[in-house]
Number of protein chains: 2
Amino acid sequence: MKDPQDVLLDYLQAQGLKMTPQRRTILDIFLEAEGHLTAEEIYDRVKGEEPGIGQATVYRTMKLLAEAGLAKEVDFSEGVTRYEPEYGQDHHDHLICENCRKTIEICDEQIEKLQEELATKHGFKLTGHKMYLFGICEDCRKA
Amino acid sequence: MKDPQDVLLDYLQAQGLKMTPQRRTILDIFLEAEGHLTAEEIYDRVKGEEPGIGQATVYRTMKLLAEAGLAKEVDFSEGVTRYEPEYGQDHHDHLICENCRKTIEICDEQIEKLQEELATKHGFKLTGHKMYLFGICEDCRKA
DNA sequence: TTCTGTGCAAATGATTTGCAGCCAG
DNA sequence: CTGGCTGCAAATCATTTGCACAGAA
């Protein structure tokens with residue numbers, strides 16, 4: 001598979017935009033991080049590596065990565081946008097523990113198919129969906 | 001079915017809170033409105049009827065109605081919280097046209113069942129879910 | 001009377017934007 | 001060179017909160 005840096009480069013060129021060290025750094029840090037980070041959290045990590053980078057740049061770059069198909073915005077109803085790597089990842093939804101906030105990535109083909117049918121039934125051409133299941137995980141129920 | 005005003009009254013009394021004309025007005029206007037309004041939009045309508053009511057009161061009251069089970073918060077990823085009447089309504093999800101923002105309420109029992117199973121499979125006790133299907137509606141595809 | 005509720009304005013928190021200088025192509 | 005990019009600070013936008021007064025119970 002193509003290197004994510006190259007994917008970004010291609011996207012930038014196609015849009016007449018430019019590659020910069022800031023964008024490179026932010027992409028690297030974002031990709032090597034685990035989980036679903038907010039722009040703020042990414043900014044904190046970026047500061048550790050390149051203290052000169054401003055937080056507006058991080059916000060701008062994360063939006064850019066989302067457009068380039070490298071990052072995906074997720075929203076767990078906390079009032080902040082989180083990002084997860086999208087490139088080379090299979091599509092999935094999330095199962096979130098309302099107590100400890102642990103998040104499990106889930107995917108069910110049958111549900112996807114039913115969603116498609118449901119949209120079609122109403123005359124829609126489905127372009128995407130968001131599904132979040134909320135519950136209490138095993139550990140939290142025991143405790 | 002019990003009158004929504006009474007449902008609110010019961011909830012308030014159970015919580016040691018008070019009924020006020022503002023709350024009555026906001027509930028009325030919210031219930032007679034169609035669709036999925038934001039607190040801001042509800043505030044605009046409220047001003048038409050009772051100009052003295054402040055917008056903080058509308059925000060506070062909508063949260064209250066949500067706790068009382070009379071309103072439900074929905075989030076179409078626009079950066080604002082919308083509210084829809086919940087009392088006496090069946091559970092449903094939403095199918096949203098990305099072009100004209102038209103929203104259709106949908107419900108599929110089979111999907112719900114699969115969601116339950118999916119959660120259980122991961123050791124979760126499902127407490128709720130959010131599902132939004134995005135697409136392009138028939139009218140917009142024709143146009 | 002006793003709190004809770006209200007309106008107002010100020011505060012918040014996440015995100016965006018204006019701007020002057022910087023730098024990739 | 002030139003137009004996009006950056007850091008900074010100021011600006012937004014939705015929502016929340018502090019406060020003094022008002023009004024349900």
Side-chain angles (χ1 to χ4, degrees), chain A residues 5-6 8-30 36-68 71 73-83, chain B residues 5-6 8-30 36-68 71 73-83:
Chain A
Q5 293 277 355
D6 293 335
L8 178 55
L9 197 53
D10 290 350
Y11 178 79
L12 292 174
Q13 289 176 342
Q15 306 293 312
L17 306 177
K18 296 170 181 172
M19 178 55 97
T20 65
Q22 288 89 333
R23 289 178 174 168
R24 247 189 278 274
T25 302
I26 293 169
L27 175 56
D28 280 345
I29 287 179
F30 167 59
H36 313 87
L37 301 182
T38 64
E40 198 77 37
E41 289 164 349
I42 295 168
Y43 172 55
D44 286 341
R45 300 186 182 211
V46 165
K47 268 191 307 188
E49 198 145 314
E50 295 278 350
I53 296 181
Q55 108 186 105
T57 301
V58 175
Y59 274 96
R60 286 187 276 231
T61 302
M62 291 316 298
K63 275 204 128 60
L64 186 69
L65 297 184
E67 285 162 26
E73 306 188 336
V74 292
D75 171 14
F76 298 154
S77 304
E78 311 159 292
V80 279
T81 300
R82 294 184 172 279
Y83 290 91
Chain B
Q5 293 277 355
D6 293 335
L8 178 55
L9 196 53
D10 289 351
Y11 177 78
L12 292 173
Q13 290 177 340
Q15 306 292 315
L17 304 176
K18 296 170 182 173
M19 179 54 98
T20 66
Q22 287 89 332
R23 290 178 175 168
R24 245 188 280 273
T25 301
I26 293 169
L27 175 56
D28 279 344
I29 288 179
F30 167 60
H36 312 88
L37 301 182
T38 63
E40 198 77 36
E41 288 164 348
I42 295 167
Y43 172 56
D44 286 340
R45 300 187 181 210
V46 165
K47 268 192 305 189
E49 196 144 316
E50 294 278 348
I53 296 182
Q55 113 187 100
T57 300
V58 175
Y59 274 96
R60 287 189 276 234
T61 302
M62 290 317 296
K63 277 204 127 60
L64 185 70
L65 296 185
E67 287 161 27
E73 305 188 337
V74 293
D75 171 14
F76 298 154
S77 306
E78 310 160 291
V80 282
T81 301
R82 294 185 171 279
Y83 291 92

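Residue numbers start from 1 in every chain, and the chains themselves are labelled A, B, ... in the order their sequence lines are given, proteins ahead of strands.
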Taking [atom1] from [X] and [atom2] from [N], how many angstroms apart are they, rounded to a whole number?
X      : N       : atom1 : atom2 : answer
Y11(A) : dC5(D)  : OH    : P     : 11 Å
L64(B) : dT15(D) : CG    : C1'   : 16 Å
Q55(B) : dC8(C)  : CD    : P     : 10 Å
I53(A) : dC5(D)  : CD1   : P     : 15 Å
E40(B) : dT16(D) : CD    : C1'   : 14 Å
E78(A) : dT15(D) : CD    : P     : 16 Å
Y43(A) : dC8(D)  : OH    : C1'   : 10 Å
L17(A) : dG3(D)  : CG    : C1'   : 11 Å

Look at R23(A) and dA24(C) and indicate whether a side-chain polar atom (N or O) is within less than 4.0 Å of OP1 or OP2.
no

Problem set entry | Distance test, side-chain N/O of K63(B) to OP1/OP2 of dT15(D), below 4.0 Å | no

Nearest listed nucleotide, side chain of [X], among [options]:
X      : options                   : value
T81(B) : dT15(C), dA25(D), dT15(D) : dT15(D)
A39(B) : dT4(C), dT15(D), dT16(D)  : dT15(D)
Y59(B) : dT6(C), dT16(D), dG5(C)   : dT16(D)

Q: May I ask you to say what R60(B) touches in the nucleic acid, namely base, sugar-phosphate or nothing, with a heavy-atom cut-off under 4.0 Å?
A: base

One should read off an interatomic distance between E41(B) CD and R45(B) CZ, to the nearest 0.5 angstrom, of 7.0 Å

The residue, T38(B) or T20(B), whose nearest nucleotide of DNA chain D is more 5′ is T38(B)

The answer to which of V80(B) and G16(A) contacts DNA chain D further toward the 5' end, by nearest nucleotide, is G16(A)

Might you point out which heavy atoms bring [X] and [Y] nearest each other, and give the distance in Å?
X      : Y      : value
A68(A) : L8(A)  : CB-CD1, 4.5 Å
Y43(A) : I53(A) : CE1-O, 3.4 Å
L12(A) : M19(A) : CD1-CA, 3.7 Å

Main chain of K18(B), side chain of R23(B): is a donor-acceptor contact present, judged purely on distance under 3.5 Å?
yes

Fill in: Distance-only donor-acceptor test, K18(A) side-chain atoms vs dC23(C) base atoms, 3.5 Å
no

